[in-house]
Number of protein chains: 2
Amino acid sequence: MSWFEKDVVVDEKESAFLAEYDPRDYPPVAVTVDVVALTIRAGVLHVLLVERGRPPQQGRWALPGGFIRPGEDLPEAARRELAEETGLSPRAHIEQLATYGSPERDPRMRVVSISYLAFAPDLPDPEAGSDAAAAAWHPALRPPELAFDHARILADGLERARAKLEYTPLATTFTGETFTISELRGVYETVWGVPLHAGNFHRKVLSVPGFVEATGHSTISGGSRGGPRAKLYRAGDARLLHPALLRPTETEQEEAR
Amino acid sequence: MSWFEKDVVVDEKESAFLAEYDPRDYPPVAVTVDVVALTIRAGVLHVLLVERGRPPQQGRWALPGGFIRPGEDLPEAARRELAEETGLSPRAHIEQLATYGSPERDPRMRVVSISYLAFAPDLPDPEAGSDAAAAAWHPALRPPELAFDHARILADGLERARAKLEYTPLATTFTGETFTISELRGVYETVWGVPLHAGNFHRKVLSVPGFVEATGHSTISGGSRGGPRAKLYRAGDARLLHPALLRPTETEQEEAR
DNA sequence: ATAATAGTGTCTGTAAGACAGTATATC
DNA sequence: GATATACTGTCTTACAGACACTATTAT
């Protein structure tokens, strides 16, 4: 008797208000995790994609992901998928984004996908040392055509990332361990896609308690095009920013989902 | 050949970067939806619960929910579960909350549950005309002991509801079609659990574009303890509030998930 | 020297909150 | 009349954004 059958027998006593039907009557559901992994490379926001090697959607790019394994927690599965493609330390920041389960989203069978959002500092190309057939960073705002509903998942991930920068210190997860205020501003400008006023941003960041803390050191040299050496900071202990750094003049119709 | 077997045969060609293993090797995963349905009754926030009639966790209360059905989209499943317990119109506001999939969360088998958050105006008790064995509204802040990880799901739903009131006009989904500013303030005070300054709240609400729009009518009588007749408003067309109504002086360690 | 950048000072507009005050209703 | 409520006026404080300015570095 298989694991599946044994449990279904137990479930036969289940009363209507709990299940209303016997799960055995229906085809199984595949549960996967997909990861929207974002990084900044050369001042451009990039997303990690893998190329599909077989139908359906052969040749198209897709978000890295795969089936959850027995006994494996969901964030654990997302970290594993990410590590398999990038060699990225499984300790990177990762958070649940949303779950997609439209019956038509995969032509083969019913697939429910839990998406995760990951932020990472600039990483090496994923090919070397990875078991991925083809994986690469692509510009997040101009990705190739994506398989299934992954374009929608990516769009949701980008909007979440933009919103999270406002009220959390997650921008620091895109930088190295220490960073200058200018580098931090670059993260905001890249993710939000808008230029920010350097002076006001500087004062604002330092005024938010726990956002950054001084290291006491400065950069070795000035900027490549001149300027004084900037002070170096590391991430503070705040988990929320107060007051928040609001995006400038949003027309806003989004995020009200 | 069953639906299940047929598709697994197709999957055998799957290459490592997509699945890494054959789903047939593993026990199936049950996918359910659970609904955190909130309403305000007599000035107290309530959550809809159903009583479990069988082990495990027999006698405990749980969030309404159940298995998704083939061909049924996730929000559709959530609306159906809610309608089955309450007779509530399936057009109520509903939004995805989060997905819970810890391997230990249900002792019987692997269950991945997608939770939804629903807001509703004051509703009648769910017993009459419902197919639920036992369903009732309970105080959301002092619920009975809940089955599985439903206490956590409820807590997440409450925090999401509180946050959503800040930057969306969802408070109006707790009221009738028309409402006074005082009634709207009552929603905020109940959900946030803090008293608000009546005068400042009044001016603030009217100053946010698209939050409420005047009906031109007033209440028939004044308040039960005196006072002038209040003007009636209906929900405006804004989907986001600008500027937002921020909760007063939050110590804040939450929401940074 | 020129240009670019780091960082600070200052002003203005907006908005939140505290508080007061007036009008209108119930008891 | 007493009291509670609806709604408005005004003041203070905080902060975002614009602008100006100095100091420091690369070229």
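Order of the sequence lines sets the chain letters (A, B, ...), proteins ahead of strands, with each chain counted from 1.
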Inset, instruction - Could you point out which residue of B:Glu159, B:Arg152, B:Arg160 forms a side chain to side chain contact (heavy atoms under 4.5 Å, CB included) with B:Asp156? - result: B:Arg152
Inset, instruction - Could you state the atom-to-atom distance from CG of B:Leu246 to P of C:dG17 in whole Å? - result: 7 Å
Inset, instruction - Could you tell me whether A:Glu177 and A:Arg234 make a salt bridge, using a distance below 4.0 angstrom between a side-chain N and a carboxylate O? - result: no
Inset, instruction - Take the protein atom CG of A:Leu184 and the nucleotide atom P of C:dA6, then report the distance between them rounded to whole Å. - result: 12 Å
Legend entry - Value in whole Å for how far the P atom of D:dA18 lies from CZ of A:Phe201: 15 Å
Check nucleotides 5-9 of chain D against the protein and report each pair of N or O atoms closer than 3.5 Å, with its distance, or say if there are none.
from  : atom 1 : to       : atom 2 : distance (Å)
D:dT5 : OP1    : B:Arg225 : NE     : 3.4
D:dT5 : OP1    : B:Arg225 : NH2    : 2.9
D:dT5 : O4'    : B:Gly226 : O      : 3.4
D:dA6 : OP1    : B:Ser182 : OG     : 2.5
D:dA6 : OP2    : B:Ser182 : OG     : 2.6
D:dC7 : OP1    : B:Lys231 : N      : 2.9
D:dC7 : O5'    : B:His202 : NE2    : 3.4
D:dG9 : O6     : B:Arg203 : NH2    : 2.9

Legend entry - Check: A:Phe179 ring centre within less than 6.0 Å of A:Tyr233 ring centre: no
Inset, instruction - Specify whether B:Phe174 and B:Phe119 have parallel, tilted or perpendicular ring planes, treating 30° as the upper limit for parallel and 60° as the lower limit for perpendicular. - result: perpendicular
Inset, instruction - Tell me what A:Ser207 touches on the nucleic acid: a base, only sugar-phosphate, or nothing, going by heavy atoms under 4.0 Å. - result: nothing
Inset, instruction - Just do the side chain to side chain contact (heavy atoms under 4.5 Å, CB included) check on A:Ser182 and A:His202 with the steps written out, would you? - result: CA-CA 8 Å; A:Ser182 285; A:His202 195 105; over 6 Å; no
Legend entry - Stepwise side chain to side chain contact (heavy atoms under 4.5 Å, CB included) test for A:Glu81 and A:Val33: CA-CA 8 Å; A:Glu81 293 290 344; A:Val33 293; 3.9 Å; yes
